[in-house]
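Fair warning: this is a prediction, and the values are worked out from it, not measured in the lab.
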Amino acid sequence: MRKAIKNAVIVLLILTLSAATALLAYLHFFVSKDREISGQWTANLDMTEPAAVTAFSWLQDIEAVSVSLEDMESCMQGLSVQVELTLEETAHSKGTFQCRVLPESYDACNQAAYEAFALAFQELLAERLRMAGYTGSTDGEAMEELVQETFGMSTVSYLMAFGPELLPSLEELQAQYDGMGSYETADGILTRQFEDGGFVSTKVEYYIRKDSRLILSEETGSVSSGSLSDYDSLLYTLKEPSNQ
């Protein structure tokens, strides 16, 4: 009788251990993977809308020619500035982070924005000249030569020097995204403590991790203001480690 009870206990213990092992394996491979956010992540800040709106407002001042915001947005597709976020877990649900806007990405985006702006400006300039009775060539090359003869510089250089600032400044973006410090995660919420000398600021974001994607959503509105809360979301992609 005792032997039968002993065997039953052993069998029950083995089954319990097997179930626990299976549960741990499931948590490790399926659950913890989507909760663990360590790694080097990159996101692209879409600059199309601010650049298009600014260019549209400036070009409206050219008399007798028409331009729409949709036209400017179609000219300025694919404008983005890259943000790099590195998260390193040092304890369960805790770690350190470093985030920065890549200056070289900002410079490339700014250049691309003004090149698209220059094309739109040349098209409107050509239209204005034709309306004024100009009979010479109004193709892109001719308009570029005309601008250089008139202002002593290329269209892009002229717009950079005397046109509007199409993008928020690099300093503005750095003030919004750059920083380092510590973080904690709990119940789908990422809390980051930005440390700048003796000053510490806190940013609270909802996060969703799915495979190589990480979505961070920061609340920007307030129910108390009389409207539903709004969320500013940013999609990060996990940077794959380079093969050595």
Visitor: Give me the one residue out of Leu85, Thr185, Leu238 that meets side-chain contact (heavy atoms from CB on, under 4.5 Å) with Ile37.
Guide: Thr185
Visitor: Do other residues, nucleotides or ligands put more than 12 heavy atoms under 6.0 Å from Glu141 CD?
Guide: no
Visitor: For Leu59 and Met72, work out which heavy atoms get closest and say how close.
Guide: CD1-SD, 3.6 Å
Visitor: Is the number of heavy atoms from other residues, nucleotides or ligands within 6.0 Å of CG (Asp196) greater than 12?
Guide: no
Visitor: Got a sec: does the CZ of Arg213 have more than 12 other heavy atoms crowding it under 6.0 Å?
Guide: no
Visitor: In sequence, state the C-alpha distance, the side-chain angles, and the governing distance for Met47 and Leu166, and then conclude on side-chain contact (heavy atoms from CB on, under 4.5 Å).
Guide: CA-CA 9 Å; Met47 295 287 110; Leu166 296 181; over 6 Å; no
Visitor: Measure the spacing between OH of Tyr134 and CD of Glu127 and express it to the nearest 0.5 Å.
Guide: 15.5 Å
Visitor: Once you measure the plane-to-plane angle for Phe121 and Trp58, does it fall in the parallel (<30°), tilted (30-60°) or perpendicular (>60°) bin?
Guide: tilted
Visitor: Testing the basics here: between Tyr236 and Val83, what is the closest heavy-atom pair and its distance to 0.1 Å?
Guide: OH-CG1, 4.0 Å
Visitor: Among Leu45, Asn44, Asp46, Ile215, which residue satisfies the side-chain contact (heavy atoms from CB on, under 4.5 Å) criterion with Leu234?
Guide: Leu45
Visitor: For Met76 versus Ala55, what's the shortest heavy-atom pair and its separation?
Guide: CE-CB, 3.8 Å
Visitor: For Glu115, does the CD atom sit with more than 12 other heavy atoms under 6.0 Å from it, leaving out its own atoms?
Guide: yes
Visitor: Can you name the nearest heavy-atom pair linking Ser105 to Ser80, along with the distance?
Guide: OG-O, 4.0 Å
Visitor: In the structure I gave you, are the side-chain heavy atoms of Val67 and Glu123 within less than 4.5 Å of one another anywhere?
Guide: no
Visitor: Please tabulate, for the side chains in residues 155-164, all donor-acceptor contacts under 3.5 angstrom to protein atoms that are two or more places apart in sequence or on a different chain.
Guide:
unit_1	atom_1	unit_2	atom_2	d
Thr155	OG1	Gln122	NE2	3.0
Thr155	OG1	Glu144	OE1	2.6
Ser157	OG	Ser154	OG	3.0

Visitor: Determine, step by step, whether Leu167 and Leu173 satisfy the side-chain contact (heavy atoms from CB on, under 4.5 Å) criterion, reporting the C-alpha distance in whole Å, the side-chain angles of both residues, the deciding distance to 0.1 Å, and the verdict.
Guide: CA-CA 10 Å; Leu167 306 184; Leu173 295 178; over 6 Å; no
Visitor: Tell me whether the count of non-hydrogen atoms from other residues, nucleotides or ligands lying under 6.0 Å of CD in Gln148 goes above 12.
Guide: yes
Visitor: Which pair of non-hydrogen atoms, one from Phe194 and one from Lys203, has the smallest distance, and what is that distance?
Guide: CE1-CB, 3.7 Å
Visitor: Could you tell me if the side chain of Arg209 sits less than 4.5 Å from the side chain of Trp41, heavy atoms only?
Guide: yes
Visitor: Is there a donor-acceptor pair closer than 3.5 Å between any side-chain N or O of Ser74 and the backbone N or O of Asp71?
Guide: yes
Visitor: So for atom CD, which belongs to Gln111, do other residues, nucleotides or ligands contribute more than 12 heavy atoms lying within a distance under 6.0 Å?
Guide: yes
Visitor: Looking at Ser137 and Ala142, what are the two nearest heavy atoms and their distance?
Guide: O-CB, 3.4 Å
Visitor: If you look only at distance, which donor and acceptor atoms sit under 3.5 Å apart when one is on a side chain in residues 89-103 and the other is two or more places apart or in another chain?
Guide:
unit_1	atom_1	unit_2	atom_2	d
Glu89	OE2	Ser93	N	3.2

Visitor: Side chains of Glu84 and Thr42: do they bring a donor and an acceptor to under 3.5 Å?
Guide: no
